[in-house]
Amino acid sequence: MPFAYQNSFTHSFVPEVWDKDLLTQFDPLLVWASPVVSNNKYEGQIRARGDVVHVNSLLRPTVGDYRLPDGMTAQRPETVDQRLPITEAKYLQVLIENAERIQLASGRGLSSPINQQMIRALARETDTFMGGVIVKSATALPTIKAPAATAPQALYSAVLDMMLALDGNDVPAGRYVVVSPRVKRYLIEHPAVANASAYGESGVTAHGVVAKLAGFTILTTTAMPSGVDIVAGHKDFATYASQFTGFREGQSEKYRADYIDTLHLYGGKIVRYPELDTKKADSTFDESKPTKGIVKAAVEWVTAA
């Protein structure tokens, strides 16, 4: 419905256009909550903070020996319920003089500098949250000592050690390594990373990807939780549920302007598996123990005496 001061025949603000534009600009800014690091298999229907998404894990059935005359014994499928609570609710509200004019003016809309900053702030909040979820439950590996003279080799060897740790737990292919900016600065000096095109796949910029190498996608972020510098794992071990509630418009009570806003609802969780995690008597997993599908390490930067 147009406002009193607007022309009813030209009132053309279309929320769906802004929804698509927001997601197009928001998603590539994510690292921890990106599809490279976290899956979104269990988003379900999210309407408000406090909603819960249920994740059911199927216990692996037992394989038996087939012998006559015993035949086969059927097993009932058994599941373990995991709850993914939607704990976060963040909003983005934009004041504009005229919604339809902003949208029609060369299609700028959310591309204006102020709106770009707001989208970056939303993405930063989301990534900081999801990084905390992942790092808190990751398995800690020994601290990496990185002398200035041999830092590239020390960091590259640490990545290979993480690969070995994940191999030991049968973590599937399609793994990632997230590194701090300082680690990236030295890691890309190593020939295997600097010449990634010769060893794996050359890097791109979406989601902070630096390179693809040795079965890992290497990413970097400034939203690295404190006390850790490198995290490696697989997206199947962390899930991120997110939903923007859609843009709405209205007339500001405080200013002679329209407002356009949206609400971002999301939550994150470490996904547990029967083969790797401890099942409790109440058919839930012991979430006090670290996951074996994600590992982390801090770096000690050794300076010359």
Side-chain angles (χ1 to χ4, degrees), residues 29-38 120 123-169 171 174-196 199-200 203-238 240 268 270 289-305:
L29 299 174
L30 302 175
V31 176
W32 294 112
S34 75
V36 180
V37 178
S38 301
R120 290 191 185 98
R124 175 77 180 197
E125 287 279 345
T126 303
D127 238 23
T128 298
F129 165 80
M130 198 61 204
V133 170
I134 291 172
V135 168
K136 180 181 178 181
S137 295
T139 297
L141 299 182
T143 299
I144 304 159
K145 295 185 181 297
T150 58
Q153 182 59 51
L155 296 172
Y156 182 68
S157 295
V159 171
L160 297 183
D161 288 342
M162 289 182 163
M163 177 182 69
L164 184 61
L166 296 176
D167 285 345
N169 290 315
V171 175
R175 304 167 183 173
Y176 66 81
V177 174
V178 181
V179 301
S180 68
R182 187 172 183 181
V183 170
K184 181 189 74 170
R185 179 257 177 270
Y186 288 99
L187 189 59
I188 59 177
E189 286 188 6
H190 193 281
V193 180
N195 302 319
Y199 291 82
V204 294
T205 57
H207 303 303
V209 173
V210 177
K212 296 183 179 181
L213 175 71
F216 284 113
T217 297
I218 304 174
L219 310 91
T220 186
T221 179
T222 57
M224 181 69 74
S226 60
V228 65
D229 294 281
I230 306 179
V231 179
H234 191 282
K235 68 179 182 179
D236 282 354
F237 290 85
Y240 162 69
I270 296 299
K289 297 180 180 179
T291 176
K292 297 177 181 178
I294 306 172
V295 295
K296 63 183 178 182
V299 176
E300 179 184 341
W301 302 98
V302 181
T303 57

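What you see is a predicted model; the values in this text were computed from it and never measured. Only heavy atoms go into these numbers, but all of them, side chains included; no hydrogens, no water, no symmetry mates.
- Residue pairs meeting the side chain to side chain donor-acceptor pair (under 3.5 Å) criterion with at least one member in residues 130-143, sequence neighbours excluded, do not occur.
- Inter-residue side-chain proximity for R120 and L29 is flagged as met; some heavy-atom pair is nearer than 4.5 Å.
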Inset, instruction - List the steps, then state whether side-chain contact (heavy atoms from CB on, under 4.5 Å) holds for V183 with I144. - result: CA-CA 11 Å; V183 170; I144 304 159; over 6 Å; no
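- Residues I230 and L155 have side chains in contact (heavy-atom distance under 4.5 Å, counting atoms from C-beta outward).
- Side-chain contact between V135 and W32 is present, with heavy atoms from C-beta onward closer than 4.5 Å.
- Under the 4.5 Å side-chain criterion, counting only non-hydrogen atoms from C-beta, V299 is not in contact with Y186.
- The closest donor-acceptor contact from the side chain of T150 to the backbone of Q153 lies at 3.5 Å or more, if one exists at all.
- Pairing each heavy atom of M130 with each of S38, the nearest pair is CE-OG, 3.6 Å.
- Considering NE2 of H234 and CG of L166, their distance stands at 10.0 Å, rounded to 0.5 Å.
- D127 contributes no side-chain N or O that, together with a main-chain N or O of A223, makes up a donor-acceptor pair within less than 3.5 Å.
- How far NZ of K145 is from CD of E300: 3.5 Å, rounded to the nearest 0.5 Å.
- The two residues I134 and A238 come nearest to each other via the heavy atoms CG1-CB, 3.9 Å.
- Side-chain contact between K184 and I218 is absent, with no heavy atoms from C-beta onward closer than 4.5 Å.
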Legend entry - Verdict with supporting geometry, M224 and V178, side-chain contact (heavy atoms from CB on, under 4.5 Å): CA-CA 9 Å; M224 181 69 74; V178 181; 3.9 Å; yes
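- Ring pair H190/Y156 is parallel by interplanar angle, where below 30° counts as parallel and above 60° as perpendicular.
- Atom CH2 of W301 sits about 5.0 Å away from atom CZ of R182, to the nearest 0.5 Å.
- Note: Y240 OH to T126 OG1 = 4.5 Å, rounded to the nearest 0.5 Å.
- The closest side-chain heavy-atom distance from L160 to M163 is below 4.5 Å.
- If you take CG on D236 and OG1 on T291, they are separated by 11.0 Å, rounding to the nearest 0.5 Å.
- Here the side chains of L219 and V37 are in contact, with some heavy-atom distance below 4.5 Å.
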